[in-house]
Amino acid sequence: MIGSGKFSLNCQVLRIIAAIFVCLIATVVAINVPNPNYADALTKSILFFEGQRSGKLPPNQRMTWRKDSALLDGADKGVDLVGGYYDAGDNVKFHFPMAFTTTMLAWSVEQFKNSMGPDLQHAMEAIRWSTDYFLKATNIPNVVFAQVFEFADKYRGSYNDHIGSWVCPFYCDYNGYKDELLWAAAWLLKATRKPMYWIYVKQNIINFKSDMESGLSEFGWDAKHAGINVLISKFVLDNPSNANPFLPYADTFVCSVLPESPTNTVRYTPGGLMYKSGICNMQNPTALSFLLLTYARYMKSRVIRCGNIDVTQKMLIRFARSQVNYILGINPMNMSYMVGFGTTFPQRIHHRGASLPSIDQHPEKMGCKEGTPYFLSENPNPNLHIGAVVGGPDINDYFVDSRPNAAQSEPTTYVNAPLVGLLAYFKAHP
């Protein structure tokens, strides 16, 4: 019995020592893992938008498998609506997510253009591709083909009520229109510095108080709440008398996201990726990380109090880097979730253009159901959609590289857009 007890005790001690050893090795490995090549990822994240282009392509088109498409858009209404972006893996142009994509591309350039080097020109071209399209969509007086600034404020309401049958269930306006009005006014304030926009934002953030407070940790193509407060924080940090309620709201956003915060409301995978159930989770890590990085640069030496935790600028930057690094391959599956980046990345993304042979390889017209064999094939996509970031792994860090698995394998423009800014910053601060 005594011998048995000693043996049991020794085994326990060995297990403890082994566990400590494994932890130490894991820590050393984590410390020594080099950062991904942010410059290469930046170039590819911008190139991705050329594969999402709709319309007549320019002579300098680099994503050569993408050809001219949808050249008669608007013809049935006697207008020219050719151009813009396909939002994801389909052949549809949805204005709501395209507007968010364009805004985030523009914010990325506004914040980090000095770090983009030769990629800046391509980023500007990516922005112009959609802004030229939106100018067409609002070219006729008193007629719009999407919801925009002054018009939307005068004729308030969700587009679900008018064009819902065409946009739902793909991009239903679940969060209402009030955040979009404030989002628009905040950007007009930033661009013009006109007092009328400051008055509008300050008055309506109070009028929309319940709506704003219900979504303080939300930011994406539908909900703009957190983005409004971070954007305005730059304006009010220079004038503390204007801090309320913008800085408290922005601080609440930070405390609701960081994993070490006692008031954190965001789920994480075991590998450390933000996770929200639904289609295309990766929009959350890129969009929220962009806000945290931007807010960190605005706050400088200011400290945010989250319960008993002091949150500094360095903590926010470090967290944003962890999300970017996960996307680029530092994760439990050792997989880059950006197509064409690294040695292991998704080969069968849910994307019509990438999974079908290009027209120069298959010039004959392809019927609606003739693409099914390509969709169901186990072969890699014939066209490499470089820079596309897919929906990503599940809550357990597991990823299935399969076209029918759209939630995990479909890329979207509104995932890549905020990632452009993140990559530009980390390229300059490796």
Side-chain angles (χ1 to χ4, degrees), residues 43-77 79-95 97-99 101-102 105 119 121-137 145 170 338-341 345-377 379-390 403-404 406 409-417 420:
T43 298
K44 289 173 177 174
S45 70
I46 298 171
L47 178 60
F48 160 76
F49 288 95
E50 295 191 17
Q52 295 299 116
R53 284 174 170 171
S54 177
K56 181 69 177 176
L57 303 183
N60 64 346
Q61 171 79 9
R62 296 175 295 165
M63 195 80 82
T64 55
W65 56 261
R66 171 62 81 183
K67 306 298 182 182
D68 296 347
S69 61
L71 300 181
L72 296 177
D73 281 358
D76 59 329
K77 301 295 182 183
V79 294
D80 175 11
L81 293 177
V82 176
Y85 288 115
Y86 301 121
D87 71 293
D90 47 45
N91 289 340
V92 185
K93 299 184 299 195
F94 291 101
H95 291 190
M98 196 194 308
T101 293
T102 308
L105 275 173
D119 290 309
Q121 179 60 36
H122 295 300
M124 296 293 287
E125 291 169 358
I127 295 168
R128 183 166 185 172
W129 193 261
S130 53
T131 53
D132 282 354
Y133 172 75
F134 280 127
L135 287 173
K136 291 181 179 181
F145 292 89
F170 307 105
M338 175 184 284
V339 175
F341 183 85
F345 51 82
Q347 302 283 342
R348 301 165 190 84
I349 67 172
H350 182 95
H351 192 278
R352 187 169 296 170
S355 60
L356 294 173
S358 185
I359 194 170
D360 53 4
Q361 301 296 318
H362 190 288
E364 299 83 12
K365 185 175 181 180
M366 189 174 289
C368 184
K369 298 296 183 181
E370 291 180 54
T372 301
Y374 296 97
F375 179 71
L376 297 177
S377 170
N379 295 328
N381 287 351
N383 305 313
L384 197 63
H385 198 349
I386 295 174
V389 177
V390 297
R403 288 182 204 92
S409 66
E410 186 173 21
T412 66
T413 56
Y414 44 86
V415 167
N416 271 60
V420 167

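Note: hydrogens, waters and symmetry copies are ignored here, and every other heavy atom, side chains too, is used.
- Contact annotation: the side chain of M63 never approaches that of R53 to less than 4.5 Å [non-hydrogen atoms, C-beta and beyond].
- Annotation: the span from N383 atom CG to T64 atom OG1 amounts to 8.5 Å, rounded to 0.5 Å.
- The shortest non-hydrogen separation linking P346 to V390 is CG-CG2, 3.9 Å.
- Applying the salt bridge (Lys or Arg N to Asp or Glu O under 4.0 Å) criterion to E410, with sequence neighbours excluded, gives no partner residue.
- In this structure, S377 contributes its side chain and P373 its backbone to no donor-acceptor pair below 3.5 Å.
- Remark: the backbone N or O of V82 is paired with a side-chain donor or acceptor of D80 at under 3.5 angstrom.
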- Does the pair F48 and M338 meet the rule for a side-chain contact (heavy atoms from CB on, under 4.5 Å), with working shown? CA-CA 10 Å; F48 160 76; M338 175 184 284; over 6 Å; no
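- In this structure, the side chain of Y85 engages the main chain of A126 through a donor-acceptor pair within 3.5 Å.
- Remark: H385 NE2 to E50 CD distance equals 10.5 Å, nearest 0.5 Å.
- A 4.5 Å side-chain heavy-atom check between T101 and F94 finds every atom pair outside the cut-off.
- Atom-to-atom distance recorded for Y86:OH and S69:OG is 2.5 Å, nearest 0.5 angstrom.
- Neither side chain, S45 nor N416, offers a donor N or O lying under 3.5 Å from an acceptor on the other.
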Using a 3.5 Å cut-off and no angle test, enumerate the donor-acceptor pairs between side-chain atoms of residues 361-372 and protein atoms at least two apart in sequence or in another chain.
unit_1	atom_1	unit_2	atom_2	d
H362	ND1	E364	O	3.1
E370	OE2	G367	N	2.8
T372	OG1	K369	O	3.0

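- The two residues P97 and D87 make their nearest non-hydrogen contact at CG-CB, 4.3 Å.
- Between H95 and Y133, the ring planes lie perpendicular to each other; the angle is over 60°, past the 30° to 60° tilted range.
- Between atom OG1 of residue T102 and atom CD1 of residue I127 there is a gap of 8.0 Å, rounded to the nearest 0.5 Å.
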Quick one: side chains of residues 349-359, donor-acceptor pairs under 3.5 Å with protein atoms, not counting sequence neighbours, listed by atom name and distance.
unit_1	atom_1	unit_2	atom_2	d
H350	ND1	R403	O	2.6
H351	ND1	G353	N	3.3
H351	ND1	A354	N	3.1
H351	NE2	Q52	OE1	2.7
S355	OG	H351	O	2.7
S355	OG	R352	O	3.4
S358	OG	W65	O	2.8
S358	OG	D360	OD1	3.2

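- Counting heavy-atom neighbours within 6.0 Å of L72 CG, excluding the residue itself, gives a total of 12 or less.
- Using a 4.5 Å cut-off on side-chain heavy atoms (C-beta onward), N379 and Y374 make no contact.
- A donor-acceptor distance shorter than 3.5 angstrom exists from the side chain of D68 to the backbone of L57, with no hydrogens or angles considered.
- The environment of CZ in R62 is crowded: more than 12 heavy-atom neighbours from other residues, nucleotides or ligands sit within 6.0 Å.
- One N or O on the side chain of K93 and one on the backbone of L81 form a donor-acceptor pair closer than 3.5 Å.
- Between atom CD1 of residue I46 and atom CG of residue D119 there is a gap of 4.5 Å, rounded to the nearest 0.5 Å.
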- Message: Applying side-chain contact (heavy atoms from CB on, under 4.5 Å) to F345 and L384, what does each step give before you reach the verdict?
- Response: CA-CA 11 Å; F345 51 82; L384 197 63; 3.9 Å; yes
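- The number of heavy-atom neighbours closer than 6.0 Å to NZ of K56, taken from other residues, nucleotides and ligands shown, is 12 or below.
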